[in-house]
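Worksheet: one structure, shown below.
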2 protein chains.
Amino acid sequence: MRDVAVVGVGWTPFGVHDRSVVDLLAEAGDAALADAAVDPTEVDALLVANMASGEFEGRSGIANALVSELALEPAFASKVENTSGSGGAAFLWGWTGVASGLHERVLVTGGERMSSVDRARATEIIASLTHPVEAATGVSLPAYAGLMARAYLDRYDVPREALAHVAVKNHANGVLNPNAQFRKEITVEKALASPLIADPLRLYDYCPITDGAAAVLLCPWEAADGFPHRPVRVRGVAGATDTHVVHERADPTRMEAVHRAAQRAYAMADRGPEDVEVAEVHDMATILEVVQTEELGFFPRGEGWKAAVAGVTGRDGALPVNTSGGLKAKGHPLGATGVAQVGEVVTQLQGRAGDRQVDAALGLTCNVAGFGNNVIVSLLEAAT
Amino acid sequence: MRDVAVVGVGWTPFGVHDRSVVDLLAEAGDAALADAAVDPTEVDALLVANMASGEFEGRSGIANALVSELALEPAFASKVENTSGSGGAAFLWGWTGVASGLHERVLVTGGERMSSVDRARATEIIASLTHPVEAATGVSLPAYAGLMARAYLDRYDVPREALAHVAVKNHANGVLNPNAQFRKEITVEKALASPLIADPLRLYDYCPITDGAAAVLLCPWEAADGFPHRPVRVRGVAGATDTHVVHERADPTRMEAVHRAAQRAYAMADRGPEDVEVAEVHDMATILEVVQTEELGFFPRGEGWKAAVAGVTGRDGALPVNTSGGLKAKGHPLGATGVAQVGEVVTQLQGRAGDRQVDAALGLTCNVAGFGNNVIVSLLEAAT
């Protein structure tokens, strides 16, 4: 197995775009190649993380389209789909492509265009990832988040406003991210006064619908010198699943696949949660950030909310989480998210995060498919 | 890099099924695990090759659904989409998963359910893989095959009936494959009298619309002893692309991505076309089998048709091609095809192909996405 480095990062602004997902992916991919000063002819494999271009735009085969847009022929190309975890999955397979020795320069892109359909149709497309019985009975992902939040608040006797602190923190981070969809501060009071979505969660507990793309360039660690920016080493990457049907799980306040993937990634990296200094987690809803910070081992079970309230996960805290603004404020173009998480952590580890820069040598990403159905965790380390 | 073995094969009958693609994938996956006598708990990664479950059945996230159907939790899972080359792409990424050392038992499945929609909608879904301008002007994949056939027949002064020999051969093979969609002999006369589709190609020059699934189980070569059947070693696997827009290519009678992928795979395997003794190629249309046998280096350019006419590629010939019946007679469930090709060659190399058994120690698969947009070639070798 060869060690793998990330040597380039690129993305589009996240928000609403009147362009196809292939155009968005091309913009992000071009940016990552430029960031690494790598010519398209050097790339020998392309991965495209995307959930549903067929449903959103009536286009399939977008990996092959993107090869031509980026002038990468004859680079091999594939799309990887793992619903909202597509980006993490593509990153994992890109890692295996380099680690196995098959590929030398793998461009991992992820993107989604979701504003091409109305909200009702977008909701229907997203709900197509759940078990057909769940989808048919209306138990959507936002609904599951409400049920989880209710159970969590009750079991651990947590004040409702604790969750609002997650949204406030991530919005504050989004203000400092030029590519974030929402760049405005909010308050706990405003979050608590927003429209009810799935009791006890309200509008400001959820990520928006977003268009956008992100890309990272991978190469062997042994060949990672000489790029414009300090390479970042992939110390661990692992995925794990839970039951597809959410109600078959033993504990509604847990995300066991996060725990499983993290344990594998920590073992691979020979590192533990105590070593992580910056993290991007999958805050599709505020409660999910809290639970993930517990499953990742950052905080004891039932105490993740205290870290959010006390500012431990804030930009100036001991363990900054979602410095990018997270899915909440940066936005959540489904296929882009896992790749964008890696991009944010790499940028932080390289010391290139501008106004939102934190001090960190080891970072973690946690990308979630469905409602914890399938999770990819990566551990990234700055070159010393 | 670790060497990789195929140690289990499974599939459903190909044809028309009134069951979801997840059910078909589960049947094939279960069969591959049973074939290898491997318990689901031993599998640590699942790949699902599928083009368009969202469009055909309104379901996404099928990799996660299949994990639960097969009781593979917590195995990591991803779907790989590369249009009609999805199966080959999933096999390639599965290979990297084992070769890199990340995974020990990778179940690679592929499937498609296409009969869930009417033919007009199926055609529309398939056409969504082409460039939007091509799709809008009606230049579909079958139409491109007609244009290629016309150019090829003219340039090399080939009798029209030469192409019919490909269909006759593959139907004859399909008769001997219990899982083939069409199990009846046809004649050159009957093929030439079938309805015109895209001049000069007729109905019997094309593969049908098919439901079905296939699966293979991968493990490290060093751990491939002790399974019920002789392991098969993956000697080479490689992918390559051509322009996404077909009319941008220099020569309408060529499939350059086949040549590129094959050269890479041959180099990786330290073998050449003269060493191949059985092959499964992507005969979406008869002309494509002829051109692929040239691009793969089996025959000189412009002479592949002679091999088909002379029986060289027949079951009793020097280089049997599409012993399974090929896409033409076995059927072409888009995502299943590349995996089924590997399954057929493995079965031949293991001496388990029953009435269609040929004598071969090295086999090749060639899976094509789009109209030669993206091609995956693998080289498989029997254990000695």
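First the proteins, then the strands, lettered A, B, ... as listed; each starts at 1.
To the nearest 0.5 angstrom, B/Glu248 atom CD is 6.5 Å from A/Ser68 atom OG. With values rounded to the nearest 0.5 angstrom, A/Met1 atom CE is found 7.5 Å from B/Arg2 atom CZ. Note that the CG atom of B/Asn82 and the CD1 atom of A/Ile62 stand 11.5 Å from one another [nearest 0.5 Å]. One distance of note links CD of B/Glu81 with CG of A/Asn50; it measures 8.5 Å at 0.5 Å rounding. Note that CZ of A/Phe76 is 9.0 Å distant from OG1 of B/Thr241, once rounded to the nearest 0.5 Å.
Between B/Met51 and A/Ser60, the shortest heavy-atom contact is CE-OG, 3.2 Å. The two atoms that bring A/Glu55 and B/Glu55 nearest to each other are OE1-OE1, 4.0 Å, heavy atoms only.
Residue B/Val67 touches chain A through its side chain alone, counting heavy-atom pairs closer than 4.5 Å. For chain A, the nearby part of B/Ile125 is the backbone; its heavy atoms alone come within less than 4.5 Å. For chain A, no part of B/Ala257 is nearby; none of its heavy atoms comes within less than 4.5 Å. Contacts between B/Ala240 and chain A at a heavy-atom distance below 4.5 Å involve backbone atoms as well as side-chain atoms. For A/Ala52, no part sits under 4.5 Å from any heavy atom of chain B, backbone or side chain. Contacts of B/Ala63 with chain A are absent, with no heavy-atom separation under 4.5 Å from either backbone or side chain. Only the backbone of B/Asp242 has a heavy atom closer than 4.5 Å to any heavy atom of chain A.
The closest side-chain heavy-atom distance from A/Ser86 to B/Lys79 is not below 4.5 Å. The closest side-chain heavy-atom distance from B/Leu47 to A/Trp93 is below 4.5 Å. Put simply, the side chain of A/Arg260 reaches to within 4.5 Å of the side chain of B/Pro74, judged on heavy atoms.
Under a cut-off of 6.0 angstrom, the local environment of CG in A/Asp18 is sparse, with at most 12 non-hydrogen atoms contributed by other residues, nucleotides or ligands. Under a cut-off of 6.0 angstrom, the local environment of CG in B/Asp118 is crowded, with over 12 non-hydrogen atoms contributed by other residues, nucleotides or ligands.
Between chain B and the residues A/Ala90, A/Gly61, A/Ser128, the most heavy-atom pairs under 4.5 angstrom are made by A/Ser128. Chain A forms the most heavy-atom pairs under 4.5 Å with one residue out of B/Met268, B/Arg264, B/Glu69, and that residue is B/Arg264. Considering only heavy-atom pairs separated by less than 4.5 Å from chain A, the leading option among B/Thr83, B/Val48, B/Leu92 is B/Leu92. By number of non-hydrogen pairs under 4.5 angstrom with chain B, the leading residue of A/Ser84, A/Gly239, A/Ala369 is A/Gly239. Per-residue heavy-atom pair counts under 4.5 Å with chain A were compared for B/Pro132, B/Ala135, B/Ala238, and the maximum is reached by B/Pro132.
Taking non-hydrogen atoms and a 4.5 Å limit, the residue list of residues 96-107 of chain B in contact with chain A, ordered by number, reads B/Thr96, B/Gly97, B/Ala99, B/Ser100, B/Gly101, B/Leu102, B/His103.
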*Where do B/Asn64 and A/Leu129 land on the side-chain contact (heavy atoms from CB on, under 4.5 Å) test, with the steps shown first?*
CA-CA 9 Å; B/Asn64 301 334; A/Leu129 69 84; over 6 Å; no
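When each of B/Asn373, B/Asn374, B/Thr243 is tested with A/Glu73 by the rule side-chain contact (heavy atoms from CB on, under 4.5 Å), just one qualifies, namely B/Thr243.
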